[in-house]
Amino acid sequence: MSAWPPPPDLDSLKELFAAADVERLITDECPPDEYDPEAKHFYEDTKGLPTASFAAEQTLPLLEQLWVKQFMLNQEQLVQRRPALNALAQQIARFFGPEATPQVRERSQ
């Protein structure tokens, strides 16, 4: 039996980062892999951390630091992105944090 929740994997993080589309790059017709570098940095920076580290309140500061570095944001620009970054942190927590529950696809009838 494997531990629950599983640690974040790179492919899942890529999907979550793309779905969050914090910079609205994919909405503006950039390729869906536009956030792969950010997902990879996050993955590398958090590899091996315990499940408790993936609660949204622990993840948000990591995402903010990553965004400042990757997109060269000033404080005002970061504040504008905070709601989207918080939503991404919530999604990461939902799948990989201490409160994560198994996700089950519903069957079509």
Side-chain angles (χ1 to χ4, degrees):
M1 183 171 182
S2 61
W4 188 263
D9 62 277
L10 184 54
D11 288 335
S12 295
L13 289 172
K14 286 178 180 180
E15 286 181 34
L16 291 174
F17 277 60
D21 196 12
V22 173
E23 299 295 320
R24 302 190 50 79
L25 298 172
I26 296 171
T27 301
D28 291 339
E29 302 190 23
C30 285
D33 65 352
E34 193 66 32
Y35 296 99
D36 283 8
E38 289 75 27
K40 185 170 183 182
H41 282 293
F42 182 84
Y43 174 76
E44 293 295 329
D45 291 346
T46 60
K47 195 182 327 181
L49 291 179
T51 299
S53 297
F54 295 101
E57 50 276 354
Q58 278 77 35
T59 304
L60 180 59
L62 298 173
L63 291 171
E64 288 179 345
Q65 290 172 351
L66 176 63
W67 241 253
V68 166
K69 181 180 176 187
Q70 291 294 104
F71 295 99
M72 297 182 287
L73 303 178
N74 62 35
Q75 190 61 34
E76 182 180 328
Q77 292 167 321
L78 178 60
V79 167
Q80 293 170 347
R81 288 155 177 84
R82 190 164 284 139
L85 289 170
N86 187 49
L88 176 56
Q90 295 290 332
Q91 284 294 86
I92 292 169
R94 180 175 166 234
F95 289 100
F96 304 109
E99 311 271 329
T101 57
Q103 305 297 312
V104 180
R105 291 189 177 137
E106 292 185 30
R107 293 183 190 180
S108 339
Q109 304 249 348

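Remember, predicted model here, so these are calculated numbers, not experimental data. Here, residue 1 is the first one in the sequence, and each next residue gets the next number.
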Enquirer: Applying side-chain hydrogen bond (donor to acceptor under 3.5 Å, both in side chains), can you list everything that pairs with Gln70, at least two apart in sequence or on another chain?
Expert: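 Partners of Gln70 by the side-chain hydrogen bond (donor to acceptor under 3.5 Å, both in side chains) criterion, ordered by chain and then number, come out as Glu38.
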Enquirer: Name each donor-acceptor pair under 3.5 Å that joins a side chain in residues 7-20 to protein atoms two or more places apart or in another chain, with its distance.
Expert:
| unit_1 | atom_1 | unit_2 | atom_2 | d |
| --- | --- | --- | --- | --- |
| Asp9 | OD1 | Ser12 | OG | 2.8 |
| Asp9 | OD2 | Asp11 | N | 3.4 |
| Asp9 | OD2 | Ser12 | N | 2.9 |
| Asp9 | OD2 | Ser12 | OG | 3.0 |

Enquirer: To the nearest 0.5 Å, tell me how far Thr27 OG1 sits from Asp21 CG.
Expert: 4.0 Å
Enquirer: Would you name the heavy atoms of Ala56 and Ala93 that are closest together and state the gap between them?
Expert: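 Closest pair (atom of Ala56, atom of Ala93, distance): N-CB, 3.5 Å.
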Enquirer: Throw together a table of side-chain donor-acceptor distances under 3.5 angstrom for residues 40-49, partners on residues two or more places apart or in other chains.
Expert:
| unit_1 | atom_1 | unit_2 | atom_2 | d |
| --- | --- | --- | --- | --- |
| Glu44 | OE1 | Lys47 | NZ | 3.3 |
| Thr46 | OG1 | Phe42 | O | 2.8 |

Enquirer: Write down the atom of Leu25, the atom of Phe71, and the distance for their closest heavy-atom approach.
Expert: CD1-CE2, 4.4 Å
Enquirer: Please table the atom pairs, donor to acceptor, closer than 3.5 Å between any side-chain atom in residues 60-69 and protein atoms at least two apart or in another chain.
Expert:
| unit_1 | atom_1 | unit_2 | atom_2 | d |
| --- | --- | --- | --- | --- |
| Glu64 | OE2 | Arg82 | NE | 2.5 |
| Glu64 | OE2 | Arg82 | NH2 | 3.4 |
| Trp67 | NE1 | Glu23 | OE2 | 2.8 |

Enquirer: Apply salt bridge (Lys or Arg N to Asp or Glu O under 4.0 Å) to Asp33 and list each qualifying residue two or more places apart in sequence or on a separate chain.
Expert: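 Not a single residue meets the salt bridge (Lys or Arg N to Asp or Glu O under 4.0 Å) criterion with Asp33.
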Enquirer: Which residues pass the side-chain hydrogen bond (donor to acceptor under 3.5 Å, both in side chains) test with Asn86, not counting sequence neighbours?
Expert: none
Enquirer: Provide the closest heavy-atom pair for Gln77 versus Leu73 in the form atom of the first, atom of the second, distance.
Expert: OE1-CA, 3.3 Å
